[in-house]
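This report refers to the structure that appears directly beneath it.
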Amino acid sequence: MSAPDLNTVRHSAAHVLAAALQSLYPDVKFDIGPATAEGFYYDIDMAHRLTPEDLKAIEKEMKKTLGRRLPFERLEWSRQEAHDFFASRGQGYKLERLGDIPEGEVISVYRCGDFTDLCRGPHVEHSGQIGAVKLLSIAGSYFRGDEKNPMLQRVYGTAFHSREDLDAYLQAIEEARRRDHRKIAAEMELFSTHEDVGPGLVCWHPRGARVRHAIESFWKDMHYAHGYELLYTPHIGRARLWETSGHLDFYRESMYSAMEIDENDYYVKPMNCPFHIQIYQNRPRSYRELPLRWAELGTVYRYEKAGVLHGLLRVRGFTQDDAHIICTPEQIESEITEVLRFSLSLWKAFGFSDIKAYLATRPAKAVGEPARWEQALQSLEKAVKACGLACEVDAGGGAFYGPKIDLKIKDAIGREWQTTTIQFDFNLPERFDMTYVGADGQRHRPYMVHRALLGSLERFFGILVEHYAGAFPTWLAPEQVRVLPISEQYSAYAGDVARALRSAGVRVEVDEAADPIGGKIRRARQQRLPYMAIVGEREAADGTVAVRSRAGEEGALPLADFVQRVREEIAARR
RNA sequence: GCCCACGUAGCUCAGUCGGUAGAGCGCGUCCUUGGUAAGGACGAGGUCACCGGUUCAAAUCCGGUCGUGGGCUCCA
């Protein structure tokens, strides 16, 4: 007998959860209980509000069922039989779900012990095949995910073939918690938010700002090197601009309310594009100057529901690494390929190489000529192919204004993050009546592509902190070297060492505390320093430093050699 | 926004039955002047998130507000 697949195990575990709930809370009404990527859940409705303590009791009940090796029995019922069964038990949500099943389809139920559930299956043969279960959390969830519907209680859990697999999973969760950027960034004094500033609004501290500056400088250099120009645009713009762009029509609920200045309404920008278009429109444009690649680290503000804010990963004010490419139809393919290549090289520089592409095509409601959509889509597909990326297609998943490619990157512990987005826009060029004069002397409509590679600096920074667990590579570290004098007697030499490093462009500080060397080392390790330069009598006499890296002691090095080593490492972005 | 949980010193957390606030780390001063993951002594820090209620008395009980966290929906 081969082991059932994990999804089946988890799906069956959800049934066992439901059975346990049924025996403990007789008034429980069930919605659905599917397997998920990491486990399973069951959505329920009942008078009792579950608490974390309840989970223990429920889990105990479930484990009894596992031990009993109860068979899962599949039955096929007529619609009437199923209806009567669930109606007689007051299972209204199940009746609604039953109504979703198209006429003519087989209606199956699964029975395990006293619990019978409407279910497509498949399931394990008996509950003993569910190796290990654990309930994880309780949450609220709307019936059918719609906030107009009643709020149900959701119990999350997970199941594995074996206790060992479950333990490994729990350890992975623990590891993710250990890397939490909110915790690490607080320890490292990288950023903070404040009740009096407002939720989702980030204040960058000196050390966070040092890392951000390193990211931004590299980003700007790379953009100039790739044929981009940099722009700066205002944070607010008049209502007319947002009327023309259509944001006030389609995006208003994400924009902050207007402020009145000299009897005109101004809005804080949720996007940078209208400003870039204004610059384009400043004078007639010729095909000879296309493509234009205009980039900006543009800070935008969007209203996000209070409940979705999360550290740096989901905020209300953020800086997009935005750019707009304006080009002719002939240029579109090579432009897209270039953007993708550029993006991949950027990700590689930051230590990410496991990347997948997601292509989203034309939705039912869309603006723009079908021929343009077709050409755009082909250019996206060819670019993905040219870069050798794995790609999934989300048919009909594009925005109404154009198709797009999103990239998802995998971090050090295997989590996927959506970051880069490359989106065609057939809407704004029309709305602003953007044109260029072609070789034929006629006015033509350019293609316009929005793209953000890192996404937003806030979110990217959060991902980066978790990816490296705060141990940034030297070129990004907020403090690259700390000089640790053995005692105060050597603070003059420590100052010399720091000066030499600083003038070589190294971010360096001296630990002047009256602690013994062990304490200073411990502190520097906790703060995840890439290098310590320990100096005492021998080093002062020889003009050397005793180097300690994250790997441990590396022995004494002449100061000039050490400066050279750190400098090379930074230059190579290691 | 909605459901649930949480909010005590800069950080991590104790605080019993309602009786007026504690520890460790960090911070400051002094002593120690040291050789690779915590030297020692003393000291300063709190409107117990905020507002209101119950009570002789509230960190503790009740209500509201704000914030944070786990989810739902959407997305950078």
Side-chain angles (χ1 to χ4, degrees), chain A residues 36 41 43 45 49-54 136-156 177 180 182-183 186-187 189 192-200 251 253-254 270-272 298-322 399 406-407 417-421 423 450-463 484-491 513-526 532-539 546-549 552-556:
Chain A
T36 65
Y41 64 82
D43 280 348
D45 192 12
R49 299 277 144 204
L50 289 171
T51 66
E53 282 79 70
D54 294 333
L136 299 170
S137 60
I138 306 154
S141 81
Y142 297 103
F143 179 55
R144 295 185 193 281
D146 186 335
E147 57 188 296
K148 290 190 272 298
N149 286 336
M151 175 71 66
L152 307 175
Q153 301 189 71
R154 174 171 296 180
V155 180
Y156 277 99
R177 208 184 317 246
D180 191 318
R182 294 164 299 186
K183 191 173 163 50
E187 281 169 23
E189 291 195 82
S192 61
T193 58
H194 304 267
E195 199 166 333
D196 286 350
V197 174
Y251 206 71
E253 70 285 1
S254 294
M271 292 187 190
N272 303 301
T299 303
V300 299
Y301 292 85
R302 299 180 186 174
Y303 172 73
E304 299 284 357
K305 290 176 181 177
V308 309
L309 299 174
H310 181 92
L312 289 175
L313 301 178
R314 190 76 178 171
V315 292
R316 285 181 172 163
F318 57 96
T319 302
Q320 291 182 303
D321 70 317
D322 207 0
D406 291 335
L407 298 187
W417 304 91
Q418 204 258 297
T419 52
T420 298
T421 183
Q423 310 190 348
H450 311 258
R451 48 111 281 199
L453 303 185
L454 304 177
S456 84
L457 289 175
E458 286 74 7
R459 184 176 149 83
F460 171 65
F461 186 68
I463 294 169
L484 310 184
I486 297 282
S487 82
E488 282 164 28
Q489 282 172 260
Y490 313 108
S491 76
D515 293 327
I517 194 66
K520 294 183 184 184
I521 289 169
R522 182 180 143 88
R523 186 159 50 236
R525 286 180 56 100
Q526 277 171 343
M532 297 172 229
I534 296 164
V535 296
E537 193 173 353
R538 295 198 292 272
E539 290 76 17
V547 177
R548 189 180 178 114
S549 71
E553 283 183 71
E554 300 205 357

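Convention: sequence-line order gives letters A, B, ...; per-chain numbering from 1. Hydrogens, waters and symmetry mates play no part in the numbers below; they use all other heavy atoms, side chains included. Keep in mind that this is a model prediction, so the values were computed, not measured.
With both ends at atom P, the span from B/G34 to B/C25 equals 25 Å, rounded to whole Å. Rounded to whole Å, the separation between the C1' atoms of B/G45 and B/C6 comes to 25 Å. Here, B/C17 and B/G24 have their C1' atoms 28 Å apart, quoted to the whole Å. Taking atom C1' on both B/C66 and B/G52, the two are 14 Å apart, rounded to the nearest angstrom. Here, B/C11 and B/C4 have their C1' atoms 27 Å apart, quoted to the whole Å. Taking atom P on both B/A38 and B/G26, the two are 12 Å apart, rounded to the nearest angstrom. The separation of B/G69 from B/U55, taken at their C1' atoms, amounts to 33 Å, rounded to a whole angstrom. B/A5 and B/G63 have their P atoms separated by 11 Å, with the value rounded to a whole Å.
Among all heavy-atom pairs drawn from A/Asn149 and A/Phe143, the shortest one is ND2-O, 2.8 Å.
Judged by distance alone, the side chain of A/Gln320 and the main-chain N or O of A/Ala452 form no donor-acceptor pair under 3.5 Å. A/Asp54 places a side-chain N or O within 3.5 Å of a backbone atom of A/Thr51 that can act as its donor or acceptor partner.
A/Lys305 places its NZ atom 6 Å from the C1' atom of B/U73, with the value rounded to the nearest Å. Taking atom CD on A/Glu195 and atom P on B/G69, their separation rounds to 12 Å, with Å as the unit. Distance CG (A/Asp196) to P (B/A49): 16 Å, rounded to an integer number of Å. Counting to the nearest Å, the C1' atom of B/G34 and the CD1 atom of A/Ile534 are 13 Å from each other. For A/Phe143 and B/C72, the CZ to P distance is 17 Å, given to the nearest whole Å. Rounded to a whole Å, the NZ atom of A/Lys183 is 15 Å from the C1' atom of B/U68. Computed from coordinates, the A/Tyr41 OH to B/C4 P distance equals 19 Å when rounded to whole Å. In this structure, A/Asp54 places its CG atom 11 Å from P of B/A5, rounding to the nearest Å.
A/Gln423 comes within 4.0 angstrom of sugar-phosphate atoms only, judged by non-hydrogen atoms across all strands, and of no base. Nucleic acid contact for A/Ser456: base, since at least one base atom lies under 4.0 Å from a heavy atom of the residue. Within the 4.0 angstrom heavy-atom criterion, only backbone atoms of the sugar-phosphate kind lie near A/Ile517; the bases stay farther away. Looking at heavy-atom distances under 4.0 Å, A/Ala186 makes no contact with the nucleic acid at all. Nucleic acid contact for A/Arg538: base, since at least one base atom lies under 4.0 Å from a heavy atom of the residue. Using a 4.0 Å heavy-atom distance criterion, A/Glu187 is classed as making no nucleic acid contact. Contact annotation for A/Gln320: no contact, since no heavy-atom pair falls under 4.0 Å across all strands. When heavy atoms are screened at a 4.0 angstrom cut-off, A/Leu309 is found touching the sugar-phosphate backbone but no base atom. Looking at heavy-atom distances under 4.0 Å, A/Ala452 makes no contact with the nucleic acid at all. Residue contacts for A/Gly518: at a heavy-atom cut-off of 4.0 Å it reaches the sugar-phosphate backbone alone, with no base atom in range. Using a 4.0 Å heavy-atom distance criterion, A/Gly536 is classed as a base contact. A/Pro199 comes within 4.0 angstrom of the backbone, heavy atoms only, and of no base. Across all strands, A/Thr419 comes closer than 4.0 Å only to sugar-phosphate atoms, never to a base (heavy-atom distances). Base engagement by A/Arg548 is indicated by at least one non-hydrogen atom pair under 4.0 Å involving a base atom.
Mapping A/Ala513 and A/Phe318 onto RNA chain B by nearest heavy atom places A/Ala513 closer to the 5' end of the strand. Mapping A/Thr51 and A/Glu304 onto RNA chain B by nearest heavy atom places A/Thr51 closer to the 5' end of the strand.
More than 12 non-hydrogen atoms from other residues, nucleotides or ligands lie less than 6.0 angstrom from CD of A/Glu554. The 12-atom threshold is not exceeded at CD of A/Glu537, counting heavy atoms of other residues, nucleotides or ligands nearer than 6.0 Å.
With A/Ile521 as the partner, the side chain to side chain contact (heavy atoms under 4.5 Å, CB included) test is satisfied by one option alone out of A/Gln526, A/Arg548, A/Glu553: A/Arg548. Among A/Trp417, A/Phe460, A/Phe461, the single residue meeting the side chain to side chain contact (heavy atoms under 4.5 Å, CB included) criterion with A/Leu313 is A/Trp417.
Contact between the side-chain N/O atoms of A/Arg182 and the OP1/OP2 oxygens of B/G70 is found at a separation under 4.0 Å. Taking side-chain N and O atoms only, A/Tyr156 has a distance below 4.0 Å to OP1 or OP2 of B/C72. Distances shorter than 4.0 Å separate none of the side-chain N or O atoms of A/Gln153 from OP1 or OP2 on B/C4. Between A/His310 and B/G71 there is no side-chain polar atom (N or O) within less than 4.0 angstrom of OP1 or OP2.
Pairing for B/U16 is absent, judged as Watson-Crick or G-U wobble with the two contacts each under 3.5 Å. B/U60 is unpaired under the Watson-Crick or G-U wobble criterion, no partner having all donor-acceptor distances under 3.5 Å. Under the Watson-Crick or G-U wobble criterion, with both distances below 3.5 Å, B/U73 has no partner in any strand shown. With a 3.5 Å ceiling on both atom-pair distances, B/G35 lacks any Watson-Crick or G-U wobble partner. B/C30 is paired with B/G40 under the Watson-Crick or G-U wobble criterion, all donor-acceptor distances under 3.5 Å. With a cut-off of 3.5 Å on both pairing distances, B/G46 has no Watson-Crick or G-U wobble partner at all. Nucleotide B/C66 forms a pair with B/G7, judged by Watson-Crick or G-U wobble geometry with both contacts under 3.5 Å.
Ion pairing of A/Asp515 with A/Arg522 is absent here, as no side-chain N (NZ or NE/NH1/NH2) approaches a carboxylate O to less than 4.0 Å. Looking at A/Asp146 and A/Arg144, no side-chain N of the basic residue comes within less than 4.0 Å of a carboxylate O on the acidic one, giving no salt bridge.
The listed nucleotides are B/C2, B/U33, B/G70; the one nearest the side chain of A/Gln489 is B/U33. The nucleotide whose nearest atom lies closest to any side-chain atom of A/Ser137 is, among B/A76, B/G70, B/U33, B/G70.
Annotated as anti: B/G28, whose O4'-C1'-N torsion sits more than 90° from 0.
Residue side chain A/Tyr303 does not reach the base of B/G1 through any donor-acceptor N/O pair under 3.5 Å, judged by distance alone. For B/G35, its base sits under 3.5 Å from the side chain of A/Glu539 at one donor and acceptor pair at least.
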